[in-house]
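Have a look at the structure below, then the notes.
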Amino acid sequence: MNGSLAIRGGRVVDPTQELDGPADVLIENGRVSACGPGLEMPENVREVDAAGLVVAPGLIDMHVHLREPGQEYKETIGTGTRAAAAGGFTAVACMPNTDPVNDDPALTEFMLKQAERAGWARVYPIAAVSRGLEGRELTEFGAQRRAGAVAVSDDGRPVWSAALMRQALRYARHFDLPVIQHAEELALSGDGVMHEGRFSTRLGVEGIPGAADDVMVSRDVLLTADTGGRYHLAHMSTARSLDLIRAARADGHRVTCEVSAHHLLLTDEDVFDSGLDPNFKMHPPLRSAADRDALVEGLADGSVDAIASDHAPHHPDEKELDFVASPNGIVGLETTLSLCLDRLVRKGVIDLARLVDLLSTAPARILRVPGGSLAPGSPGDVTLIDLEREVEVDPATFRSRSRNTPFVGWKLRGAPAGTVVGGRVIELP
Amino acid sequence: MSEPVWQRGDLLGVAELSRTEILHVLDTAESFVEVAARPIKKVPTLRGKTVINLFFEPSTRTSSSFEIAEKRLSADNINFSTSSSSLSKGETLLDTARNLEAMSPDLVVIRHAHPRVPHALAARLASGVINAGDGAHEHPTQALLDAFTIRRRKGRVEGLKIAIVGDVAHSRVVRSNVLCLTRLGAEVTVAGPRTMMPEEPESLGARVVYSLEEAIEGADVVMMLRVQLERQARVAFPSEREYFEFFGLTAERLRRAQDDAIIMHPGPINRGIEIASEVADGPWSVILEQVANGVAVRMAVLYLLAGAKSGEDGVP
């Protein structure tokens, strides 16, 4: 039967059903029809033997840059979603800073079409808040929502105008869209290229103070309170930003936040030790050890909602410029899951159910997209995980078109073992 | 025979130099000082060697100093600067390195506005690389010539109280000097307005104070940094006269230092901003000695690096 699959003998981890144990999953017509131990399976259904594997609801990376249209030399929707599948993701939400910018429903439709053609993973376009990402006029949130956009963001740049942010938060309420903010006060980040602290001091490098993020988050929290809008903080990097989010949530405001794997695992000291390797340059920058520790604590205590990769592919030639001249960003789709399994779950910072929540259930909830659950009726999207498989990060093996990662040579235990999208097993060549 | 002290093919920063290596450069420079006093100011030491001076950032002083040092050593040298170079900012480091390599230089002297560009090029080049200033990171030959000047005047560096005052955040001179002078045993204090201090300035490795008076109290050496007028927006300090009022070195303030204190400045000086003319031109000033010593120290560095690369040794 088309779109039907029986996944047997695995350890099902699904925080939405408070399930962590041996169970089978039956998918029929692209949707989960049953989930539980010792299921009786209908005949003639394709079976996947998940013995020794974890069976999780399909992972959703809520923050990636797929570069198409316009910068296909860095990545395409095809190569990016294939990288997603290789990394254990069944869906990605892609940022609108393409060329042209996704500030028109025709772009969203194009992206969805390209994703369908590629067939590796679901794609959820995020529409621009402002036309051309210029921060002046709102885009057509309603038409974008109808075309399939799941959120609005000017990511890569902040929505710098408080007036525009206020209107965006208000207007997005009509369509229940979260406004995803790249929080950066440009007057404070200036010409900075790494975290401002003792290591930028020793290198004589222009720094980006943590306050550049915090000032903007603080403003945005006030505007969220003022408008009743739904605010999502992208790639949170500082302890103070986390405190602001915690306080806003305690006050009952609708705020959520994500952290990228690299901000949980690396610091400005790693930038220093790398000798200013451009593969350690991203925005926001790798912060201090104190910031990193606070974010890790936020994972464990539930203050951090989601983990995203902020997959930002750049051509090797662009990262062959010097640190200051090279562009911001690193790829992450093919490293995030293994990094989290080895450095967070295996180390005991969080348990596997919490990781599934961070990488699947929470992104689905924030973006209001189906998935993040294996309860009957959910989409037949599944990620299989091998907790014991050891991998070494080798950019030469990446499915992504780009290679820019600071994790080269990291030996990690725990890796994706396959994905299923709508009941279809994704076979990677 | 013992291992030669100097085995480096590149001089990228003071950070990687040991005390012994620093002293070896200073000792070697002593033998080059007298060349400037000869009627024919030339030794054949680097005959047949090619040196490329690659200045991605405008510089008159440092580039002239290197050029004179190279000519006095009989090297064949050629200068590329941003205005005349086809090596442009958008070029990858690998392409820059390949283009240089194609000209088979023995040594490349690099000045760049971005930190660690000389380091990155050195890793991609077979020829030796000298860092002539990378952003606000390092300027090793400046620190070596400063240490050389202090040692010639004071007979030692160890135990001296040395104050460095000015725009610490944006100064490569201060970074290399703190590393060099502390490694030689000096007590170094840095000072400047809080708006010109980097985050966690103690991590530079010196004592940090925020007043000129406190910094120079009892100092044997006072080094004033150039206020980067071209670089500093008005947010760092409100006016030149206010800077001079609170951070300018005057004869009056200088009384706090030792009676035989020397005054240094990497140049070019801003008279009436960081330093009063009476101080710059006064008996305490060794500013022009720094310039003269710069040539000798750079000759020493070129000589040592060329020798290390070709495996030769010996004193001129």
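Keep in mind that this is a model prediction, so the values were computed, not measured. A note on names: the letters A, B, ... follow the listed sequences, proteins ahead of strands, and every chain is numbered from 1.
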Is the count of non-hydrogen atoms from other residues, nucleotides or ligands lying under 6.0 Å from R183(B) atom CZ greater than 12? yes
Provide the closest heavy-atom pair for H137(B) versus L203(A) in the form atom of the first, atom of the second, distance. CB-O, 3.1 Å
Smallest separation among heavy atoms of S203(B) and T201(A), with atom names: OG-CG2, 3.6 Å
Take E199(B) and R202(A) through the test salt bridge (charged side-chain N to carboxylate O under 4.0 Å, His left out) and record every step on the way to the result. CA-CA 10 Å; E199(B) 275 295 297; R202(A) 286 173 63 188; over 6 Å; no
Measuring from atom CG of L94(B) to atom CG of D317(A), what distance do you get when rounded to the nearest 0.5 angstrom? 9.0 Å
Check: R124(B) and E320(A) side chains under 4.5 Å, non-hydrogen atoms: yes
Donor-acceptor pair, R116(B) side chain versus F323(A) backbone, under 3.5 Å? no
Beyond-backbone contact of H112(B) with D322(A), side-chain heavy atoms, under 4.5 angstrom: yes
